[in-house]
Amino acid sequence: MASLDGKHSFGSIGETRVTFVEKGVVESRSHFLKKLLEHNGLTVILEEEKKKTEEDPQLYTVAVTDMVFNPTIWIFERKMRTLDGHKVTQDYWFQRTEDTKPQYWKNS
């Protein structure tokens with residue numbers, strides 16, 4: 001199960017300094033993140049990772065040009081918004097659900 005670790009990872013893609021959002025993601029995940037991050041005013045750079053063999057799936061690195069961006073902070077401080085204006089939750093970020101209610105626990 002994926003989780004937000006809070007680590008701020010940065011580097012370069014080409015000549016551009018970037019903050020890495022996620023590495024080694026499939027194409028559908030990269031498109032989801034690109035759309036969400038651009039909706040929140042960030043400039044996104046996608047980079048294809050090199051395949052080890054021809055049969056391996058194409059993976060991508062998702063990065064933004066904002067050097068202080070940290071998805072953990074933006075999600076838990078409720079700064080990030082979905083395309084329809086709701087607050088992004090951790091489960092929404094990881095595409096576990098489209099439910100955007102801000103509850104992190106469930107009462108039975």
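No experiment lies behind these values; they were computed from the predicted model shown. FYI, the numbering just counts along the sequence from 1.
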Student check: side-chain heavy atoms of Val44 and Val62 closer than 4.5 Å | yes
Kindly compute the distance separating CD1 (Ile73) from CZ (Arg78), expressed to the nearest 0.5 Å.
-> 15.0 Å
Is it the case that one hydrophobic cluster holds both Val25 and Ile75, taking links as side-chain heavy atoms less than 4.5 Å apart, direct or via other members?
-> yes
Distance, nearest 0.5 Å, that separates OG of Ser30 from CD of Glu47 | 12.0 Å
Should the heavy atoms of other residues, nucleotides or ligands under 6.0 Å from NZ of Lys79 be counted, would the total exceed 12?
-> yes
Thr19 (side chain) donor-acceptor with Asp66 (main chain) under 3.5 angstrom | yes
Mind listing the closest non-hydrogen atom pair of Ala63 and Ile13 along with its distance?
-> CB-CD1, 3.8 Å
Using a 4.5 Å cut-off on heavy atoms from C-beta on, say whether the side chain of Phe10 contacts that of Met67.
-> yes
Side chains of Glu27 and His31 in contact at under 4.5 Å (non-hydrogen atoms) = yes
Residue pair Lys23, Tyr60: steps toward the side chain to side chain contact (heavy atoms under 4.5 Å, CB included) verdict = CA-CA 6 Å; Lys23 294 180 179 182; Tyr60 297 85; over 6 Å; no
State, with a plain yes or no, whether a side-chain heavy atom of Lys34 is found less than 4.5 Å away from one of Leu46.
-> yes
Write down the atom of Phe32, the atom of Trp93, and the distance for their closest heavy-atom approach.
-> CE2-O, 3.5 Å
Begin from the C-alpha positions of Asn40 and Arg81 and carry the test side chain to side chain contact (heavy atoms under 4.5 Å, CB included) through to its verdict.
-> CA-CA 7 Å; Asn40 283 277; Arg81 299 291 178 162; 3.9 Å; yes
List the atom of Phe69, the atom of Val64, and the distance in Å for their closest heavy-atom pair.
-> CD2-CG2, 3.7 Å
Between Thr61 and the options Glu49, Glu48, Glu22, the side chain to side chain donor-acceptor pair (under 3.5 Å) test singles out Glu49
May I ask you to test the Lys87-Tyr92 pair for a side-chain heavy-atom distance under 4.5 Å?
-> no
Tell me, with the steps shown, if Leu36 and Met80 meet side chain to side chain contact (heavy atoms under 4.5 Å, CB included).
-> CA-CA 9 Å; Leu36 180 64; Met80 194 173 298; 3.9 Å; yes
Among side-chain atoms of Thr89 and Asp91, is any donor-acceptor pair under 3.5 angstrom?
-> no
Joint cluster assignment, Phe94 & Leu33, ILVMFWY side-chain distance < 4.5 Å | yes
Can you hop from Ile45 to Phe20 via hydrophobic side chains spaced under 4.5 Å?
-> yes
Determine, stepwise, if the pair Leu59 / Val26 fulfils side chain to side chain contact (heavy atoms under 4.5 Å, CB included).
-> CA-CA 5 Å; Leu59 300 177; Val26 295; 4.0 Å; yes
